[in-house]
Amino acid sequence: MQQKHAKRVEDYTTANLILIFVNLLWIFGVIWANFGLFAVILTGWLLNHGITRVEQYRASREIQWPSDA
């Protein structure tokens with residue numbers, strides 16, 4: 001049986017971050033057009049708060065179960 005090892009893939013982090021930015025931009029534009037600037041500010045704040053909570057949760061899990069990778 002032949003052993004096929006996976007090849008290294010390219011790093012698409014920059015491309016993904018740009019696409020996330022573009023998507024957030026048009027989504028915020030739609031929210032602004034439909035509900036106003038306050039809704040955009042509130043949505044941005046909620047996203048920031050959610051990302052911070054996920055980051056804290058992952059950090060606490062890393063403390064409890066450190067990964068060797």
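Small disclaimer: the values here were computed from a predicted structure and weren't measured. Only this structure's heavy atoms are used, side chains among them; waters, hydrogens and symmetry mates stay out.
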All N/O donor-acceptor pairs, side-chain side in residues 43-57, below 3.5 Å, sequence neighbours left out:
| from | atom 1 | to | atom 2 | distance (Å) |
| --- | --- | --- | --- | --- |
| Thr43 | OG1 | Ala39 | O | 2.7 |
| Thr52 | OG1 | Asn48 | O | 2.8 |

Can you give me every donor-acceptor pair (side chain of residues 7-23, partner residue at least two apart or in another chain, under 3.5 Å) with its distance?
| from | atom 1 | to | atom 2 | distance (Å) |
| --- | --- | --- | --- | --- |
| Asp11 | OD1 | Thr13 | N | 3.2 |
| Asp11 | OD1 | Thr13 | OG1 | 2.6 |
| Asn16 | ND2 | Tyr12 | O | 3.2 |
| Asn23 | OD1 | Trp26 | NE1 | 3.0 |
| Asn23 | ND2 | Leu19 | O | 3.2 |

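Cluster membership check: Leu37 shares its hydrophobic cluster with Ile27, using side-chain heavy-atom separations under 4.5 Å among Ile, Leu, Val, Met, Phe, Trp and Tyr. Residues Leu42 and Phe28 are members of separate hydrophobic clusters, defined by side-chain heavy-atom contacts under 4.5 angstrom among Ile, Leu, Val, Met, Phe, Trp and Tyr. By the rule that hydrophobic residues join a cluster once side-chain heavy atoms approach within less than 4.5 Å of another member, Ile41 and Leu25 end up as members of separate clusters.
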